[in-house]
Amino acid sequence: MPELKNLEDTKPVFRFAPNPNGPLSFGHARGIVINGSYAEEHKGTLILRFDDTDTTVKPPELAAYDLIPQEVEWLLGRPADRIVVASDRIPVYYEHAEKMLRNKFGYVCKCTAEAFRQFRESKTNCPCRDKSVEENLSDWNKMLDGTYKPGDAVVRVKTDMTLKNPALRDWPALRMQDTVANPHPRPNIRSKYKVWPLLDFQSAVEDHLQGVTHIIRGKDLMDSTRKQTLLYEHFGWSYPETIYWGRVKVHEWGGFSTSKMRASIENGEYSGWDDPRLPTIQGLQARGIQADALRNFWIELAVTQKDISVPLATLFSHNTKKIDDDAPRLSFIRDPVEVEILGDVPSEIELPIHPNHSDKGTRTISLNPPNVFIESEDARGSYRLKEFADIDEDGNIESVERSDKRPIIHWTSTTTSEHSTLLIPNQEEIEYISGRVESNDYSAGTIVQLERIGYAIVTNEGFLLMHE
RNA sequence: GCUCGUGUGGUGUAGCCAGGUCCAUCAUCGCGGGUUUUCAUCCCGCUGACCCGGGUUCGAAUCCCGGCACGAGCACCA
């Protein structure tokens, strides 16, 4: 990761600030990993902050308040150092809004959104801009007590209507929301407040109050930095060091959004947030992706402002490195064909659990009766049953030692195997392949390698193929 | 449209701020080979890139100008 600037005097403070409107996704992991790794590297602090100030467009979800900290802990291997919830801090934001009005760098604007858009485009001051402090405070109170309704009035930060960048012109800081129709999900908040800060204001004030020193976030928030810097100037604060990353697309996933996923889950396309096909933290967990691997993946992509598109193979490659040494080998026979082995067949045979780690012990396959299953694809000509014997097309043992270059295939015996199902999470649908798996007592969640197929995770239904 | 940002091999990434040591780093993918009784792991090797055009300079991936391409913001969302 790139070196940070402005690290001189104090321990740095970072923050990861999602909207708790659903479980975390793959993309959120970047914010957690990068901010968390920097915090760890510099013995700094990581704040997890819930920016839950919108009850209408992207309403928060109660369950996420408990789930997200767990997901952060899973990913980092340690919890966030501090959790801040914006909806607990509304009075603090009000204080700052009032200070803004009193010090004349903010005003209550009663123009409609459309009317203000005209002013913004024409670089014209809105008539509300020149109101007295008294008038602004009076209007502010009418916002607070509900005399005004959502849409009637907002608090704006006075910047300059002639600024080159239209996004920065007298930007809105607080607005009203109908929290009776759309109550906040947290039981102690519900309909308590009518006036709510917008992200740029809430985040800016909170960053200052929490002593955040470094903000690392998406470059879509570049204009936010500029807006917030203008606010900091008004307050006489200095803005944190800011670093941006560009947009990341995973080729196989394309564009998933929390709202899109929610809709797809609700209409039954996916089983839930933990569906292994979904790019959620839970989906990745279900798919056997290790926290370490995900961390390494994001650190390797680093923090650049380029918009990139990466293949899943990159993530899988990191994952393979993490799991291979621990993954017991197992035989899974797709579309099994039974073959009776003729000749001098031992009653049982021992196979290593892991070819590179003999200390992991052996597995025993019974060959009494001497019948085995092989994949129908492999059932042509002669072959070698791995770790056992060379067999001719009729099932006769030709040699116990490897005698030629015939293909080596995996197999299992009829006795030491049972029916099982292999689930393959393709993009569109989950493919179910039934077959015979070598008998084992691995519990759900264990990651194994199905020889010649790939890495899979044991589930209650059978095996879920992770990747090759 | 206006504003901001980014352009290094198939995909990511280092180098760019402080020009030469860069016939450009590392990883991944692909291909080939070795180890291995898995098409896994591990090891070795190969192919492959500085968006384009000017300029400054003895010298530019690095600095300047102009194009082009891509992305984001211009929400009473986060």
Side-chain angles (χ1 to χ4, degrees), chain A residues 2 5 17-21 50-60 86 109 111-114 116-117 120-121 123 143 150-156 163-169 171-177 195-200 202-203 217-227 244 246-249 251 257-259 296-297 299-318 320-321 323-325 327 329-331 351-352 354-357 384-390 400-402 406-411 449-455 468:
Chain A
K5 292 177 190 164
N19 178 352
N21 64 339
F50 294 114
D51 283 346
D52 57 345
T53 57
D54 178 75
T55 64
T56 314
V57 184
K58 293 179 179 172
C109 174
C111 303
T112 62
E114 174 56 26
F116 194 84
R117 196 168 64 77
R120 180 168 49 233
E121 282 172 5
K123 302 187 179 180
M143 287 175 73
D152 291 348
V154 297
V155 177
R156 291 186 181 281
L163 251 23
K164 274 175 69 181
N165 187 339
L168 313 185
R169 297 171 195 159
W171 53 271
L174 300 98
R175 79 335 198 156
M176 299 188 65
Q177 296 190 102
V195 178
W196 284 81
L198 286 151
L199 173 82
D200 287 314
Q202 176 269 129
S203 174
R217 60 183 175 196
K219 67 174 184 180
D220 53 312
L221 295 178
M222 273 183 167
D223 283 345
S224 271
T225 299
R226 298 184 182 101
K227 287 187 211 174
Y244 306 97
R247 204 184 59 178
V248 173
K249 266 205 299 202
H251 184 254
S257 67
T258 299
S259 49
N296 291 342
F297 171 85
I299 287 171
E300 185 180 75
L301 290 193
V303 182
T304 71
Q305 292 188 27
K306 278 188 263 186
D307 298 317
I308 57 176
S309 176
V310 293
L312 261 185
T314 305
L315 176 60
F316 292 159
S317 161
H318 282 289
T320 296
K321 284 183 173 56
I323 60 178
D324 184 71
D325 277 337
R329 269 46 177 178
L330 227 43
S331 212
L351 303 176
H354 194 297
N356 307 340
H357 300 285
R384 178 171 180 79
L385 297 179
K386 188 167 178 287
E387 311 257 16
F388 175 26
D390 288 356
V400 170
E401 295 307 314
R402 193 173 182 193
R406 70 183 70 192
I408 298 168
I409 64 171
H410 66 296
W411 57 280
Q449 191 210 54
L450 302 179
E451 295 194 26
R452 295 178 64 222
I453 297 176
Y455 298 97
E468 291 188 353

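The structure displayed is predicted, hence computed values, not measured ones. Here is the naming used below: chain letters follow the sequence lines, and residue numbers restart at 1 for every chain.
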Using atom P in both nucleotides, what's the gap between B:rG33 and B:rG20 to the nearest angstrom? 41 Å
A:Lys306 side chain N/O closer than 4.0 Å to the phosphate oxygens (OP1, OP2) of B:rU8? yes
With heavy atoms under 4.0 Å as the rule, sort A:Gln305 into base, sugar-phosphate or nothing. sugar-phosphate
Counting just side-chain N and O atoms, does A:Arg175 come under 4.0 Å of either OP1 or OP2 of B:rA78? yes
I want to verify a distance call: between B:rC29, B:rU37, B:rC74, whose nearest atom is closest to the A:Ala167 side chain? B:rC74
Between B:rG67 and B:rG73 - P atom distance, rounded Å: 25 Å
Can you tell me the distance, in whole Å, between the CG atom of A:Leu168 and the C1' atom of B:rC74? 9 Å
Touch check for A:Ser224, heavy atoms < 4.0 angstrom, all strands: base, sugar-phosphate only, or nothing? nothing
Among B:rG73, B:rU11, B:rG12, the one nearest A:Leu301 by side-chain distance: B:rG12
Please figure out whether A:Asp51 or A:Leu450 has its closest RNA chain B nucleotide nearer the 5' end. A:Leu450
Below 4.0 angstrom from OP1 or OP2 of B:rU38, is there any side-chain N or O of A:Arg329? no
Is A:Lys164 close enough to B:rC4 that one of its side-chain N or O atoms is under 4.0 Å from OP1 or OP2 there? yes
For B:rA78 and A:Thr53 - does any side-chain N or O of the residue sit under 4.0 Å from the phosphate oxygens OP1/OP2? yes
Phosphate OP1/OP2 of B:rG71: any A:Lys249 side-chain N/O under 4.0 Å: no
Report which part of the nucleic acid A:Leu199 touches: base, sugar-phosphate, or nothing (heavy-atom distance under 4.0 Å, all strands). base
Minimum-distance nucleotide (side-chain atoms of A:Ala302 versus B:rC4, B:rC76, B:rU13): B:rU13
Has A:Thr314 got a side-chain N or O lying under 4.0 Å from the OP1 or OP2 atom of B:rA27? no
Please measure how far the C1' atom in B:rC43 lies from the corresponding atom in B:rG5, and state the result in whole Å. 43 Å
For the P atoms, the ones on B:rU47 and on B:rG32, what distance do you get once it is rounded to whole angstrom? 15 Å
Residue pair A:Val400/A:Leu174 against RNA chain B: nearer the 5' end by closest nucleotide is A:Val400
Any idea which heavy atoms bring A:Phe297 and A:Val310 closest together, and the distance? CZ-CG2, 3.8 Å
